[in-house]
2 protein chains.
Amino acid sequence: MSKRNPHIDSSRLRSLLDGVNAFGFNPQTGGFNRVGYGPADMAVRAWFMEEMRKDGLTVRRDGVANIFGRFGPADGPSVLVGSHLDTVPEGGAFDGVLGVCVALECVRAMRDAGIEPAMAVEVVATAEEEGRFGGMLGSQAIAGVATAAWVDAATDAGGTRLVEAMHDCGLDPRGTLGAARAPGSVRAFLELHIEQGPVLEDRGIPIGIVHTVAGVVNLTVRLAGAANHSGTTPMHMRADALAGLAAVAHAVPHVLQRHGHDNSRITIGKADIHPNFIHTVPGKAEFVVNIRDTDDAVIRALEQAMRAVVADAAEANRLEYAIDEHSRMAPVALDPDLIGLLHQEADRLGVASLDMPSGAGHDAQTMQTLCPSALLFVPSRGGVSHAPDEWTDWEDIEKGAALVLAALVRLVGES
Amino acid sequence: MSKRNPHIDSSRLRSLLDGVNAFGFNPQTGGFNRVGYGPADMAVRAWFMEEMRKDGLTVRRDGVANIFGRFGPADGPSVLVGSHLDTVPEGGAFDGVLGVCVALECVRAMRDAGIEPAMAVEVVATAEEEGRFGGMLGSQAIAGVATAAWVDAATDAGGTRLVEAMHDCGLDPRGTLGAARAPGSVRAFLELHIEQGPVLEDRGIPIGIVHTVAGVVNLTVRLAGAANHSGTTPMHMRADALAGLAAVAHAVPHVLQRHGHDNSRITIGKADIHPNFIHTVPGKAEFVVNIRDTDDAVIRALEQAMRAVVADAAEANRLEYAIDEHSRMAPVALDPDLIGLLHQEADRLGVASLDMPSGAGHDAQTMQTLCPSALLFVPSRGGVSHAPDEWTDWEDIEKGAALVLAALVRLVGES
């Protein structure tokens with residue numbers, strides 16, 4: 001085996017992925033259920049730690065159940081590489097887990113090639129990335145941006161408190177703050193993830209290198225009119241909340257055309273009308289306007305325009321309205337040097353790559369507050385994610401893994 | 001007491017209404033719950049029969065729990081007057097019940113005035129008018145238009161079969177057909193009802209005399225696109241079902257302007273999107289387009305236009321679509337002679353009346369297939385109905401009741 005030529009073992013990587021995906025699989029749906037701090041999530045973490053131990057890595061779990069496997073020097077700074085092991089309910093086979101498995105496969109490849117890194121590599125599988133409790137607790141804890149107040153207040157959609165869920169897993173929520181890594185102790189973070197969108201497939205490019213993770217604002221809009229009988233209420237005497245919602249949704253393309261760019265997205269994904277009867281003019285509508293862009297100024301312009309659209313739609317339909325900011329996350333530019341390194345290595349490997357934004361949130365955006373961070377995408381067939389039919393071709397996965405490996409070798413050097 | 005001058009006793013009428021509304025009252029909400037064939041509905045029928053018995057009427061219940069109280073000649077044809085006693089869940093204090101109570105008050109007034117009618121008056125409280133099982137079973141049974149196949153197939157929203165509900169009330173569903181009245185045996189049907197709309201209040205007119213009950217078509221529309229991530233899916237690659245729904249709803253005013261008239265109504269009252277998550281482009285939308293008019297040709301033109309709008313909205317948003325006819329009811333012109341008589345009597349009483357359509361369905365439209373039928377409206381404050389805050393001023397009720405009484409005296413004559 002050549003000391004100089006580490007290479008990805010695709011079948012070993014695939015076995016590792018299958019090993020992880022034995023946890024939380026639902027044979028009825030084909031979906032994976034490793035919801036953060038659920039039993040399958042905790043079980044897969046224990047199993048993955050054991051896998052890393054077998055590889056001779058120094059393994060540990062921090063206070064929020066992030067797990068780490070260290071390869072190379074026992075002391076000094078390290079480069080972190082990985083992603084998350086938790087899934088949404090009925091999620092797919094690749095989201096998160098692929099990045100963790102690629103990270104361990106890279107270490108295995110370095111080890112097999114006889115590489116002794118000058119700086120340690122730490123494989124990391126973060127906890128609770130999918131936001132069961134509304135954040136990305138694992139990477140937020142590592143980056144030192146999780147606050148005790150937030151941890152104390154967080155609940156999931158079913159009303160379970162985060163602190164209870166942690167207690168049930170044998171975790172002490174007070175350990176959250178202790179999970180923070182010292183600035184400087186982590187030199188870089190590399191994450192490979194599926195794109196979860198259709199762009200790479202559409203363009204026929206196997207690798208995306210993310211320059212910016214888009215910011216997002218969610219505005220909860222409530223329109224209130226009058227729920228009246230659909231037969232007895234003349235059109236001109238109505239205050240129809242659905243008509244208001246329709247006017248808002250209908251205006252989205254115009255707002256984007258006027259104030260948006262290629263990376264802008266406005267989505268109304270959740271909308272409920274009341275009383276929701278065939279024969280009743282809807283008296284209320286509640287919906288969330290989800291606005292994303294890589295440029296905070298553009299987000300603010302889109303938000304302002306959508307607020308004006310809501311006001312106009314309410315007035316035109318004789319509705320009262322309220323707009324509440326449900327959540328807001330600023331765009332995050334990832335590390336330019338790491339991005340440059342990844343593009344160089346991709347070129348060297350002869351793999352086409354696309355400089356692209358990420359529309360979805362990822363651990364890398366949180367880690368960027370702690371250390372230079374980078375995010376690589378591999379294609380998602382049909383743009384599908386968070387669903388059992390999530391798929392990435394193994395040919396593309398191999399290219400992505402090889403790029404992570406090449407970048408890692410450059411970053412940690414050899415002793 | 002003058003034999004020639006029957007008059008409505010408003011406080012007696014009010015007591016009777018209060019008596020009915022003691023059944024099914026929910027003190028938490030102020031709503032009334034006498035859902036067809038539920039315990040409160042059956043109990044109020046027994047109570048009302050007893051009231052009529054105390055008045056000396058000949059009382060009977062038919063096979064579907066319509067109840068009748070006959071005043072005047074024991075044999076020969078009769079004039080039916082009344083409405084229904086059942087309510088929607090959490091309904092108001094006037095819908096249906098007011099017409100039944102006015103009918104009995106008219107008989108009480110005639111009796112007190114010493115009037116012996118040449119033709120019998122039958123007070124009727126129909127069963128299951130509010131359509132728990134999708135029809136107006138009581139009046140349909142009387143008019144002989146309820147079919148055994150329909151009775152056998154009908155279920156409520158909770159999946160309870162009509163035949164089970166009837167059995168639970170001690171009714172034999174096979175008795176439905178036997179409830180049909182022989183053509184010619186009912187000379188007329190008079191119904192007083194609340195308008196359930198805002199027109200009379202808006203115009204300041206206490207009485208509406210309905211010329212036509214609007215027809216209604218309900219089209220169930222299903223739009224199917226792709227449920228993708230709101231951050232990762234570029235706008236031009238989306239197939240957003242909510243955008244399709246918005247385009248359809250947004251087109252309604254244009255369709256009405258082009259193909260509709262004053263009596264036209266198009267309502268999207270029920271709409272559900274899927275998966276209905278903040279961060280997911282809606283992959284599916286299902287909604288019902290409710291189209292009403294007093295002219296069947298107009299309904300068909302509106303329907304055709306809305307079908308074209310759905311097709312266009314689907315194409316513009318890359319959606320598949322399906323349109324199913326959920327239900328259809330043709331407009332019904334009520335009896336011109338009865339309408340003329342009511343206008344004459346209103347004029348004679350010095351009460352302003354409005355010649356108007358009914359946007360909602362009523363027993364009178366079904367009864368028109370059996371006998372000349374008429375429908376009077378009294379104002380609904382704010383147009384509200386099917387809700388606890390349903391209200392009609394007693395001043396207006398007295399005028400409506402006096403008009404029913406006057407019409408009734410003319411129709412049945414004196415022996």
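All chains are named by letter (A, B, ...) in the order of the sequence lines, taking the proteins before the strands, and each is independently numbered beginning at 1.
Interface residue V288(B): only side-chain heavy atoms are found under 4.5 Å from chain A. Both the backbone and the side chain of A360(B) come within contact range of chain A, each with at least one heavy atom under 4.5 Å from a heavy atom of that chain. For a residue to count as touching a neighbouring chain, one of its non-hydrogen atoms must lie under 4.5 Å from one of that chain's; by this rule H274(B) does not touch chain A. Heavy atoms closer than 4.5 Å to chain A are found in the backbone of S264(B), but not in its side chain.
Across every non-hydrogen atom of A249(B) and A246(A), the tightest pair is CB-CB, 3.5 Å. Nearest heavy atom pair, residue H250(A) against residue A247(B), reads ND1-CA, 4.0 Å.
A 6.0 Å sphere centred on CD of E325(B) holds more than 12 heavy atoms belonging to other residues, nucleotides or ligands. Within 6.0 Å of atom CG in D324(A), more than 12 heavy atoms from other residues, nucleotides or ligands are found, so the atom counts as buried in its surroundings. Heavy atoms of other residues, nucleotides or ligands lying less than 6.0 angstrom from CZ of R328(B) number more than 12.
Atom-to-atom distance recorded for D272(A):CG and I273(B):CD1 is 7.5 Å, nearest 0.5 angstrom.
Under a 3.5 Å cut-off, the side chain of N276(B) and the backbone N or O of A271(A) do form a donor-acceptor pair.
For the pair H279(B)/N218(A), a side-chain contact is recorded, criterion being any heavy-atom separation below 4.5 Å from C-beta on. The shortest distance between side-chain heavy atoms of R265(A) and P234(B) falls below 4.5 Å.
Sequence neighbours left out, the pairs with a member in residues 230-246 of chain A that pass side chain to side chain donor-acceptor pair (under 3.5 Å) are S230(A)-N290(B), S230(A)-R292(B), R238(A)-T267(B).
Chain A forms the most heavy-atom pairs under 4.5 Å with one residue out of M356(B), H326(B), Q196(B), H386(B), and that residue is Q196(B). Contact count against chain B (heavy-atom pairs under 4.5 Å) is highest for I278(A) among I278(A), D202(A), L256(A).
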Using side chain to side chain contact (heavy atoms under 4.5 Å, CB included), reason through T280(B) and K270(A) one step at a time and then give a plain yes or no. CA-CA 8 Å; T280(B) 307; K270(A) 180 161 174 59; over 6 Å; no

Check step by step if side chain to side chain contact (heavy atoms under 4.5 Å, CB included) holds for M235(A) and V252(B). CA-CA 10 Å; M235(A) 299 307 293; V252(B) 165; 4.3 Å; yes

